[in-house]
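The first residue in the sequence is number 1, and the count goes up from there. Here the structure is a predicted model, which means the values were calculated and not measured. Computation of the quantities below employed the complete heavy-atom set of this structure, encompassing side-chain atoms and omitting hydrogens, waters and symmetry-equivalent molecules.
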Amino acid sequence: MADRGASALSLPEDWSAHPDPILALNNMGSFDWDLDTGLFSMDAQAHEIFDMHPDEYDGRPETLAVRVPPAEAHRLDTLVALAIKDGRENYGAYFRVRRRDGSLRWTHTQGYIRRDGTGRPRRIIGIVRDATEELIESANRQDAAALDAARREQTNVVQIATAALAHARTVQDVIDVVTDTHGLTLLGSRSLVLGLVEAGRIRLVAEGPAGSFVPGTRVTRIDEPYPMSEAVRTLSPCFIESPQEFAERFPLLWPHITGLRITSAAYLPLIAQARPIGAMGLLYDDRRGFSPEDRNVLVALGSSIAQSLQRAMLYEQEKDLAQSLQQAMLPRTIPSVHGADVAVRYRAAAVGGTLGRDIGGDWYDLIPLPGGTRSAGGRVGAVIGDVQGHDTHAAAVMGQLRIVLRAYAAEGHTPATVMARASVFLRELDTDRFATCLYAEADLSTGVVQVVRAGHIDPLVRYADGTCRRVPVEGGLPLGLSAEFGRLEYPVSTLELDPGDTLLLCTDGLVEQPGADLDDGVRALTDLIAEGPEDVRALANRLIEEAEERGGDDDVALLLLRRRALETPRAGGRFQQHVAPGDPEALRQARHLIRAAVRGWGARDRADEIELVADELITNALMHTEGAAIVTLRVLEGSDRRLRVEVEDSSSALPRRRDAGENGVSGRGLLLVDRLADVWGVEARGGGKAVWSEFRVPKRSAA
């Protein structure tokens with residue numbers, strides 16, 4: 001095959017029949033590389049240029065690796081492969097050869113690629129010559145340009161490394177850039193170590209490649225006799241130019257790295273703002289000594305890495321501070337609620353790595369409300385909100401607003417009142433921020449949930465059968481704006497949670513995507529919830545993972561509340577509703593909630609009587625007083641089980657029971673209450689009164 005390949009070749013027109021004497025006169029050697037067999041033949045002059053005796057060479061290119069450094073060999077292989085691939089007839093390159101005494105000599109090669117009739121490369125013939133002197137003396141303009149290119153290549157190392165480090169945001173990002181395989185190849189080193197200064201010690205944070213760690217050097221003192229310690233201590237680079245120098249200067253370290261066959265090393269202090277923050281060591285197995293250019297390049301490289309590390313440290317410190325402030329503003333713990341499973345999550349925004357922008361005004365809260373019982377399931381207020389902005393001011397406003405909302409709800413105010421007062425509070429703060437919010441008051445004994453919304457996105461409900469839908473809720477203006485424009489009315493919407501149903505409240509960071517419609521985001525979220533796990537904690541984790549994968553420049557707050565089916569009979573409960581005068585819709589909602597609560601407490605047999613009495617008492621309060629009525633239902637336990645209805649108003653005038661006559665319409669209300677209720681009465685309540693009635697109900701009937 002070799003003969004057939006040779007017969008198809010033609011030498012260059014200017015190639016002599018016997019070139020060896022001519023080449024020798026010009027200090028050139030020749031080679032003949034048979035690509036079919038892989039044999040690389042050289043003449044005597046070529047052996048001299050490579051400083052290799054004929055009996056040391058077996059005719060294979062791999063044997064030349066003892067003379068050609070790995071980086072040079074890789075560059076030559078790439079150059080030849082590219083010339084063959086591009087269909088070129090020749091190539092030329094400068095490269096370095098390490099002679100027996102360890103010195104490096106510049107060599108130039110010119111190769112001619114010969115192909116057969118099909119265009120397949122079969123043979124490369126060419127010359128090699130010692131080009132050291134001509135490069136040093138710049139005798140040839142073309143060769144001088146090649147030398148400049150080599151020097152520019154060294155300078156480009158810093159530029160390439162700096163470009164890669166520009167994208168590093170964290171300390172780990174910086175470590176990844178300098179320790180990956182590409183980074184080591186770029187730096188030309190056999191091994192790399194990186195340490196950070198901490199409390200008078202150097203802690204090793206990175207090594208490359210894996211397995212090159214030296215035992216006992218994970219943490220070292222700055223005053224110990226190690227090269228990295230010396231670089232930090234003196235604030236000067238430590239260049240080690242031979243194995244002998246390494247062994248003499250650092251006898252503690254040298255025995256542990258002899259297996260790496262290190263020939264030289266450079267330890268660079270990482271200095272930022274005139275103080276050392278760490279050190280980096282580069283260990284080489286193919287070079288001896290460092291030229292002034294090499295030293296300048298390495299010092300510049302160390303400076304670039306130091307600046308990147310300092311920027312990453314400042315970013316992480318700022319992020320930790322922001323997250324600590326955010327966590328301090330959010331509830332430290334979420335109370336356990338009998339009758340419900342609750343999960344909350346918060347994801348900080350990541351706004352392009354900008355310091356201080358990882359904190360926002362999103363929050364959640366779960367507030368135990370008075371009136372719930374341990375056995376029947378509690379009453380809780382669930383809050384989700386978002387203060388405008390992504391900065392510490394937004395977080396500070398959020399913290400104040402969360403506390404105020406919690407206080408108003410815990411005082412027992414109705415959901416609409418809680419929202420209105422919070423809006424006034426925000427308006428009176430010294431801030432121009434507004435906030436969206438959703439407040440849901442849930443009675444877990446009945447499953448009745450009253451919801452008010454201030455410019456926030458609607459809640460979602462995942463039902464026990466796995467389906468999920470958005471629940472439209474009539475809303476008002478965002479907090480702060482409603483007070484500014486004098487529109488403090490917040491309509492109350494009602495929904496019911498059956499056992500196994502899950503209420504989901506979230507901020508818009510979970511559904512909004514750049515360039516996408518909000519409704520599309522909500523539909524995608526409902527699909528994700530429907531497909532997600534039933535457990536609220538696992539579902540919350542899944543939703544946050546999805547938000548992390550999607551990214552985005554907004555933080556996310558999330559609250560899930562799943563009503564449990566109680567394993568033991570429910571023995572008590574409490575429900576309260578505010579009914580404003582002149583609001584027929586509020587009266588209708590009150591009737592609906594009363595009916596649901598009574599049936600949920602197992603008093604279905606007397607539901608009509610209780611609803612009729614409650615309706616009569618509410619109507620009397622609205623007709624004969626100037627204010628609103630507050631209706632409260634509760635279960636009382638004792639020797640018998642009773643359901644108590646209270647209607648409170650702001651008038652101190654006591655009701656009178658009288659005979660309405662045959663044609664009278666008014667006056668029959670209290671007679672009806674007296675006939676249907678087992679017992680009733682009136683109690684003074686500060687500036688007003690409460691009319692109450694009680695009904696005996698079974699100890700427990702199927703709800």
Side-chain angles (χ1 to χ4, degrees), residues 1-54 56-99 104-117 119-135 139-147 149-150:
M1 180 180 294
D3 292 340
R4 185 169 63 252
S7 64
L9 299 174
S10 61
L11 296 174
E13 294 179 358
D14 57 347
W15 197 269
S16 304
H18 301 284
D20 292 353
I22 301 175
L23 296 177
L25 289 174
N26 290 278
N27 294 320
M28 297 180 184
S30 66
F31 65 85
D32 187 340
W33 189 1
D34 190 325
L35 299 180
D36 291 327
T37 63
L39 293 178
F40 189 91
S41 302
M42 299 188 300
D43 64 6
Q45 185 65 28
H47 280 89
E48 177 64 26
I49 292 172
F50 281 101
D51 198 8
M52 180 171 287
H53 300 312
E56 296 176 328
Y57 182 59
D58 58 3
R60 309 200 65 83
E62 295 82 359
T63 308
L64 295 176
V66 298
R67 291 290 177 262
V68 182
E72 300 289 299
H74 176 72
R75 185 164 58 83
L76 277 175
D77 289 342
T78 302
L79 177 67
V80 174
L82 186 60
I84 293 175
K85 179 181 178 182
D86 292 345
R88 297 204 304 266
E89 294 184 357
N90 55 70
Y91 63 86
Y94 287 88
F95 64 98
R96 291 180 297 176
V97 172
R98 186 179 301 283
R99 298 181 65 84
L104 289 172
R105 302 283 291 179
W106 279 103
T107 304
H108 181 263
T109 182
Q110 188 78 27
Y112 297 87
I113 304 170
R114 292 294 177 255
R115 294 174 167 82
D116 59 18
R120 177 183 176 186
R122 309 300 294 272
R123 184 179 174 193
I124 300 177
I125 58 176
I127 60 170
V128 290
R129 60 187 175 86
D130 190 322
T132 302
E133 295 302 325
E134 67 182 66
L135 290 179
N140 185 286
R141 185 174 301 175
Q142 181 179 357
D143 296 338
L147 179 60

Which side-chain N or O atoms in residues 80-92 pair as donor and acceptor under 3.5 Å with protein atoms at least two apart or in another chain?
from	atom 1	to	atom 2	distance (Å)
Asp86	OD2	Arg88	NH1	3.4

Shortest non-hydrogen pair, Gly111 vs Ile124, comes out as CA-CG2, 4.3 Å
Contacts of Asp77 meeting salt bridge (charged side-chain N to carboxylate O under 4.0 Å, His left out) (sequence neighbours excluded), chain-then-number -> none
Review item, side-chain donor-acceptor pairs of residues 57-66, under 3.5 Å, at least two apart:
from	atom 1	to	atom 2	distance (Å)
Tyr57	OH	Phe40	O	2.7
Asp58	OD1	Arg60	N	3.1
Asp58	OD1	Thr63	OG1	2.5
Asp58	OD2	Thr63	OG1	3.3
Thr63	OG1	Arg60	O	3.4

Closest non-hydrogen atoms of Ala93 and Leu76, given as atom of the first, atom of the second and distance, are CB-CD2, 3.9 Å
Contacts of Glu56 meeting side chain to side chain donor-acceptor pair (under 3.5 Å) (sequence neighbours excluded), chain-then-number -> Arg100
TODO: Evaluate the side-chain proximity of Met52 to Val97: yes if any heavy-atom separation is below 4.5 Å, no if none is.
DONE: no
Separation between CH2 (Trp33) and CZ (Arg114), nearest 0.5 Å, reads 15.5 Å
Nearest heavy-atom contact between Asp130 and Thr132 is OD1-N, 2.9 Å
Residue set satisfying salt bridge (charged side-chain N to carboxylate O under 4.0 Å, His left out) with Arg98, at least two apart, ordered chain then number -> none
- Should Gln45 and Ile127 be marked as a side-chain contact (heavy atoms from CB on, under 4.5 Å) after you check the CA-CA gap, both sets of side-chain angles, and the distance that decides it? CA-CA 10 Å; Gln45 185 65 28; Ile127 60 170; over 6 Å; no
Closest non-hydrogen atoms of Val128 and Thr109, given as atom of the first, atom of the second and distance, are CG1-OG1, 3.7 Å
Interatomic distance, CE@Met42 vs NE2@His47, rounded to 0.5 Å, equals 4.0 Å
**Backbone of Phe95 reached by a side-chain donor or acceptor of Glu72 within 3.5 Å** = no
In short, Arg99 meets Glu48 closest at the heavy-atom pair NH1-O, 3.5 Å
Closest non-hydrogen atoms of Asp51 and Arg67, given as atom of the first, atom of the second and distance, are O-NE, 3.2 Å
Value for CG (Asp34) from CZ (Arg122), rounded to nearest 0.5 Å, stands at 8.0 Å
